[in-house]
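Chain letters run A, B, ... following the sequence lines, proteins first, then strands; residues in each count from 1.
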Number of protein chains: 2
Amino acid sequence: MQTRGTREDDAIMAKAPTVYDVAERARVSIASVSRVLRNPDSVKEQTRERVLEAVRHLGYVPSANARGLAARRTNVIGLFFPGHDDVAGSDGRLVAASGGVTVVRDDATGDPETHNYYFDEVLRGAEIEAWRRGFALMVAAGRGASREAIVNDIAGRVDGLAVLARTVPDELLAHVARRIPVVVLAATRGTDEFDHVSVNNAPGMRAITEHVLGTGARRLMYIAGPEDSPDDRERLEGFRAAVDGAEGVSVELVRGDFSRVRGREIALRIEAMPEAIVCANDQTALGVLDAMGRRSISVPDDVMVTGFDGIAAGRHSTPRLTTVHQPMVELGRAAIQALTARLDDPSLEAQSLVLPVQVVLRDSCP
Amino acid sequence: MQTRGTREDDAIMAKAPTVYDVAERARVSIASVSRVLRNPDSVKEQTRERVLEAVRHLGYVPSANARGLAARRTNVIGLFFPGHDDVAGSDGRLVAASGGVTVVRDDATGDPETHNYYFDEVLRGAEIEAWRRGFALMVAAGRGASREAIVNDIAGRVDGLAVLARTVPDELLAHVARRIPVVVLAATRGTDEFDHVSVNNAPGMRAITEHVLGTGARRLMYIAGPEDSPDDRERLEGFRAAVDGAEGVSVELVRGDFSRVRGREIALRIEAMPEAIVCANDQTALGVLDAMGRRSISVPDDVMVTGFDGIAAGRHSTPRLTTVHQPMVELGRAAIQALTARLDDPSLEAQSLVLPVQVVLRDSCP
DNA sequence: AGCCCAACTGTATGCGCTTACAGTTGTACT
DNA sequence: AGTACAACTGTAAGCGCATACAGTTGGGCT
């Protein structure tokens with residue numbers, strides 16, 4: 001097996017050094033090198049030192065590919081979520097190579113940021129948990145047509161895959177799930193093929209709506225999200241449950257799209273102001289608050305507003321936003337936990353975890 | 001080479017299927033399977049169909065490890081950044097397995113969110129660019145002592161590594177850089193061993209400070225960030241440059257730590273109110289705005305406030321925050337570009353890219 | 001019919017590790 | 001001194017794929 005060409009130690013290496021290079025320099029076998037790296041105590045100190053010296057000297061970094069191949073596991077977990085597809089100005093080359101400074105005036109007429117930080121938080125949770133369990137995290141965003149290729153690619157690289165709801169068609173997921181465990185986030189699907197982690201959407205929305213009704217409000221408006229969102233469906237369901245349980249309540253239902261702009265648009269056009277506007281998510285609610293500010297309508301005195309998600313921006317809005325906080329970081333962590341649990345014991349039943357939410361009362365609906 | 005045990009097609013496979021399984025079912029050699037996957041046109045259609053059928057039937061997903069090992073590249077790029085170490089409640093197990101709903105009142109006395117969204121944005125940019133160039137993205141956060149192990153681990157998994165400034169000691173970086181290209185973000189170091197991508201900190205801060213001075217303000221306060229931050233150092237430098245160029249300006253320098261809480265604390269304690277408070281970043285400035293609101297001090301009438309970063313929250317604060325927008329998404333993208341450029345041509349000179357910034361005038365300092 | 005070449009397919013090797021298993025050494029015993 | 005065994009270390013066999021190279025096949029030509 002020693003057909004490998006001997007390399008010069010001190011010459012600049014064209015290729016990255018391998019165990020063989022290290023072994024040669026330390027005058028041991030490659031097995032010992034491997035041991036020093038994976039299980040240092042199983043090697044005599046003197047030998048270990050020689051190996052470590054060689055590692056340092058050569059700038060050796062073990063190839064995770066070879067490791068993964070030999071050990072049959074990658075120690076990586078994948079996280080797949082809906083893509084931030086089209087970012088303004090993402091068209092290829094950077095505008096300037098060596099920067100200047102320009103000055104612009106932003107009078108708030110432009111589009112507010114549409115991105116929501118939901119995924120960032122989930123990602124953060126996932127990253128934390130993955131690290132604690134000794135896994136690296138690979139992230140990928142789903143984008144249009146190439147989705148299938150990407151998912152397959154990622155699936156080949158990881159030991160487990162967490163997927164945000166509705167990002168990937170069931171069929172593809174099923175294909176992938178034959179190879180590695182898959183957990184679906186934020187959606188309780190009918191099928192029970194995979195593990196699921198979601199939050200208590202319906203009960204949360206029900207609880208905050210009941211709080212609204214508890215203030216005496218009877219004329220409500222509900223601004224929903226996109227119809228294809230399972231989250232939205234559940235929240236609407238919770239809203240209905242609360243309303244159905246109360247006397248003499250009138251409801252106007254408006255379809256939004258979870259975005260801040262859309263919330264603002266809708267609120268700007270309201271003619272008969274309700275006593276309370278219940279929004280399916282925070283971004284929408286923040287848009288509503290923007291609109292009310294512009295229209296000089298006082299929140300909560302003239303109309304109360306509530307959101308759902310608990311994004312950070314709601315803590316600092318004017319007025320501060322009453323909302324249902326869902327544990328986004330926990331969601332990410334739970335996903336990793338579910339995955340590692342299944343890796344430890346593949347025979348586990350598919351489980352469906354529902355995380356608790358918290359109604360947070362702030363100024364917009366005290 | 002056919003020592004591998006034949007497997008039952010329809011039986012539930014204990015292990016993931018491999019090229020061998022696919023080849024067997026499609027009655028071709030593994031080479032053809034590989035060809036179908038990598039270069040479909042080089043195989044006769046009829047054969048291709050058989051292979052694809054087998055792939056589908058068996059739920060085959062190619063192992064990226066084996067691929068990477070054979071092809072000597074992973075097509076993954078790593079992103080390493082300072083960790084979100086200690087998240088509240090990150091201690092192991094989840095509290096509830098099947099959630100309820102609780103209600104709390106948030107009267108704004110608690111700690112505001114300390115996290116800043118800088119990294120999320122950079123990550124987003126990196127993800128986008130990586131995807132466009134056919135790379136997957138692996139993320140890892142640096143945490144205390146295990147940093148070295150993590151970096152080494154990641155380095156073994158990727159073709160290139162982007163590192164946020166000061167996350168990793170130079171020595172470690174140098175070790176890793178012997179194997180793969182490394183680009184350092186948001187820091188122009190003295191050494192020119194690696195590629196660098198950063199933003200125009202000093203000129204940006206200088207420009208916004210000059211704007212402040214242009215309003216006639218002469219008594220300024222500057223709330224800096226932590227001393228070990230290169231960003232902070234450059235910004236302070238820019239501030240000084242602007243101030244030095246003006247007549248009769250008095251400056252009070254206070255040391256903050258880039259956090260919102262700290263900004264608020266500092267602003268709550270100010271006795272002799274300056275005409276303007278220039279903050280080293282947005283979070284700090286937002287904290288200052290919080291404090292001013294609480295103290296019923298009008299911004300910008302009684303005191304002007306400026307930030308630096310251009311985070312989304314600044315667009316919606318009360319009053320809206322004047323700041324220097326740095327292209328965080330672009331930063332991430334540029335990092336990936338630098339990396340891929342070097343992968344394409346390893347002989348490239350170490351380059352140092354400086355991205356332009358933009359002064360954004362809003363209500364807090366019109 | 002015989003030849004040549006394009007188009008396709010198969011064989012065999014090795015990528016850089018981990019790890020079962022088989023030595024090898026040193027030492028505590030009998 | 002001889003034996004047994006613990007503590008190390010080395011040998012060798014893959015892990016699943018890509019790919020250079022060597023067939024094989026089937027026209028189109030002469």
Does B/V61 offer a backbone N or O that forms a donor-acceptor pair with the side chain of A/R179 under 3.5 Å? yes
Treating B/D195 as the side-chain partner and B/Q351 as the backbone partner, does any N or O pair qualify as donor plus acceptor under 3.5 Å? yes
Just N and O in the side chain of B/S29: are any of them under 4.0 Å from OP1 or OP2 of C/dG10? yes
Atom-to-atom span, CG of B/N75 to C1' of C/dC15 - whole angstrom: 15 Å
Go nucleotide by nucleotide along DNA chain C from the 5' end; which of B/A66 and B/A31 gets its closest nucleotide reached first? B/A31
Classify the side-chain pair B/D345/B/S347 by whether it contains a donor and acceptor separated by less than 3.5 Å. yes
How would you label the contact of B/S63 with the nucleic acid (heavy atoms, under 4.0 Å): base, sugar-phosphate, or nothing? sugar-phosphate
Taking CD from B/E24 and P from D/dG16, how many angstroms apart are they, rounded to a whole number? 14 Å
Nearest whole angstrom, please: distance from the C1' of D/dA18 to the CG of A/L69. 12 Å
Ignoring backbone atoms, test whether B/R72 places a side-chain nitrogen or oxygen under 4.0 Å from the OP1 or OP2 oxygen of C/dC15. no
N or O in side chain of A/S32 less than 4.0 angstrom from D/dG10 OP1/OP2: yes
Residue met sooner reading DNA chain C from 5', once A/R38 and B/R27 are mapped to nucleotides: B/R27
Strictly distance-based, threshold 3.5 Å: is any side-chain N or O of A/D21 a donor or acceptor partner for the main-chain N or O of A/T18? yes
Phosphate OP1/OP2 of C/dT18 contacted by A/R35 side-chain N/O (<4.0 Å): no
Expressed as a whole number of angstroms, how long is the span from B/K44:NZ to D/dG26:C1'? 9 Å
Can you say whether a donor on the side chain of A/Y20 sits under 3.5 Å from an acceptor on the base of C/dC15, or the other way round? no
Rounded to whole Å, CG of A/N39 lies from P of D/dC8 at a distance of 11 Å
Output yes when a side-chain donor or acceptor of A/H175 lies under 3.5 Å from a complementary backbone atom of B/Y60, and no otherwise. yes
Contact class for B/I30 (heavy atom, under 4.0 Å): base, sugar-phosphate, or nothing? base
Minimum heavy-atom distance between B/L343 and B/P181, given as atom pair plus value: CD2-CG, 3.6 Å
Does C/dT9 have OP1 or OP2 sitting under 4.0 Å from an N or O in the side chain of B/T47? yes
Taking any heavy-atom pair under 4.0 Å as a contact, classify B/V33: base, sugar-phosphate, or nothing. nothing
Which nucleotide sits closest to the side chain of B/R67: C/dG10, D/dC17, C/dG16? D/dC17
Give the rounded distance in Å between these two atoms: CZ of A/R48 and P of D/dT9. 10 Å
Verify the contact: side-chain N or O of B/T18 to OP1 or OP2 of D/dG16, cut-off strictly under 4.0 Å; return yes or no. no
Starting from P on D/dA18, measure out to CG on B/N65 and report it in whole angstrom. 12 Å
Is the phosphate of D/dC17 approached by B/Y60 (side-chain N or O, under 4.0 Å from OP1 or OP2)? yes
Nucleotide D/dA6, atom C1' - distance to CG of A/D41 in whole Å: 16 Å
